[in-house]
Amino acid sequence: MERFYLIVGHVSQLELLVPHGVRLVQLRLKDLPEPEIRRQIARARDFCAVHGAQLVVNDYWQAALDLNCSFVHLGQEDMDTADFEALRRKGVRFGLSTHDVAELERALAHGPEYVALGPVYETLLKQMKWAPQGLDRVRRWKAMAGDTPLVAIGGLTPERLPGVFAAGADSAAVVTDIQQAANPEARTLEWIRACAR
């Protein structure tokens, strides 16, 4: 599992940042018409293939199947409607979001490539119904997840990385810290260096 997991909200961000050495990137599209969603996913798929990066498609598992993508990320609500058998038949790997013990147990029962826990810290990205989980929860989640990689997300910064990895996270997912940086490209390089330590 790559230690640095970039999450972007538009294919143009992906095209800007992936060439700097990003190896794992999630395309998280929101509130777009279906043709635009498919256009961006296809473009991201091809761009990542050229640059040797793994694309993860957030939510839109059917489009990912149709467009021959190899990895999706699903939230708890998406799990209600996702066709896990269809994903498995096409060899599509999947990661799953979790926020409490019941969600973690449900996610692990599907045999995911990874489980995500968040928000670890307070996040500015979106209103969350969950309070910051903290590093103790990261430790507990890793103990429960066992060999399944654990992705930490929410309020992460390069300065917080040592504690997050020491608590057992296998990967750090980053959204806001890079999106809101004065220079997203330079910040991405900071993250790559920090995760390599």
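It should be emphasised that the depicted structure is a prediction, and the values quoted were computed from it without experimental measurement.
Using a 4.5 Å heavy-atom threshold, the side chains of E36 and L29 count as separate. In this structure, V174 and I7 have side chains that are not in contact, with every pair of non-hydrogen atoms separated by 4.5 Å or more. Residues L27 and V56 fail the side-chain proximity criterion, which asks for heavy atoms closer than 4.5 Å. Side-chain contact between S97 and I153: absent, with no pair of heavy atoms (C-beta onward) separated by less than 4.5 Å.
Shortest non-hydrogen contact noted between T157 and R187 is CB-NH2, 4.4 Å. Between V22 and L24, the shortest heavy-atom contact is CG1-O, 3.5 Å. Taking all atoms of both residues into account, the shortest heavy-atom contact from Q179 to G9 is NE2-N, 3.9 Å. Closest heavy-atom contact between I41 and Y60: CD1-CB, 4.2 Å. In this structure, M79 and L74 approach most closely via the heavy-atom pair CG-CB, 4.3 Å. Shortest non-hydrogen contact noted between T148 and D170 is O-OD2, 4.3 Å.
Atom CG of D100 sits about 6.0 Å away from atom CH2 of W141, to the nearest 0.5 Å. Here the NZ atom belonging to K30 is positioned 15.0 Å from the NE2 atom belonging to H10, to the nearest 0.5 angstrom. Taken from CZ in R89 to CG in D83, the straight-line distance is 6.0 Å, to the nearest 0.5 Å. Atom CD of Q26 and atom CG of L14 lie 11.0 Å apart (nearest 0.5 Å). Atom CG of L135 sits about 9.0 Å away from atom CZ of R160, to the nearest 0.5 Å. Atoms CD1 and CG, from I37 and L67 in turn, are 11.0 Å apart once rounded to the nearest 0.5 Å.
Of the residues V8, V57, D59, V175, the one that meets the side chain to side chain contact (heavy atoms under 4.5 Å, CB included) test with R28 is V175.
A donor-acceptor pair is defined here as one N or O able to donate and one able to accept, closer than 3.5 Å; such a pair exists between the side chain of R3 and the backbone of C195. Side-chain atoms of Q133 come within 3.5 Å of backbone N or O of H99 as a donor-acceptor pair. Of the possible donor and acceptor atoms, none in the side chain of T188 sits under 3.5 Å from a partner among the backbone N and O of L17. For the pair D46 (side chain) and R43 (backbone), a donor-acceptor distance under 3.5 Å is absent. Not a single donor-acceptor pair under 3.5 Å links the side chain of R45 to the backbone N or O of S70.
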Candidate pair R106 and E103, rule salt bridge (Lys or Arg N to Asp or Glu O under 4.0 Å), full reasoning: CA-CA 5 Å; R106 179 187 186 208; E103 289 183 357; over 6 Å; no
With side-chain contact (heavy atoms from CB on, under 4.5 Å) as the criterion, how do V25 and C48 come out once you've worked through the C-alpha distance, each side chain's angles and the decisive distance to 0.1 Å? CA-CA 9 Å; V25 59; C48 285; 3.6 Å; yes
Verdict with supporting geometry, Y121 and V164, side-chain contact (heavy atoms from CB on, under 4.5 Å): CA-CA 10 Å; Y121 297 98; V164 170; 4.0 Å; yes
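M1 and L6 sit in two unconnected hydrophobic clusters of ILVMFWY residues. Membership requires side-chain heavy atoms under 4.5 Å apart, directly or through other members. No continuous path of ILVMFWY side-chain contacts below 4.5 Å connects F47 to V11, so the two sit in separate hydrophobic clusters. By the rule that hydrophobic residues join a cluster once side-chain heavy atoms approach within less than 4.5 Å of another member, V151 and L55 end up as members of separate clusters. A continuous path of Ile, Leu, Val, Met, Phe, Trp and Tyr side chains, each step under 4.5 Å between heavy atoms, connects L150 with F165, placing both in one hydrophobic cluster.
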Give the table of side-chain donor-acceptor pairs shorter than 3.5 Å for residues 107-120, with sequence neighbours excluded, one pair per line with atom names and distance.
unit_1, atom_1, unit_2, atom_2, d
Y114, OH, Y5, OH, 2.6
Y114, OH, H73, ND1, 2.7

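Between R93 and Q54, the side chains place a donor N or O and an acceptor N or O closer than 3.5 Å (distance only, hydrogens not considered).
Cation-pi geometry between R23 and F4 is not satisfied (NZ or CZ under 6.0 Å from the ring centre, within 45° of the ring normal).
Residues forming a salt bridge (Lys or Arg N to Asp or Glu O under 4.0 Å) with D136 (at least two apart in sequence, or on another chain): R139.
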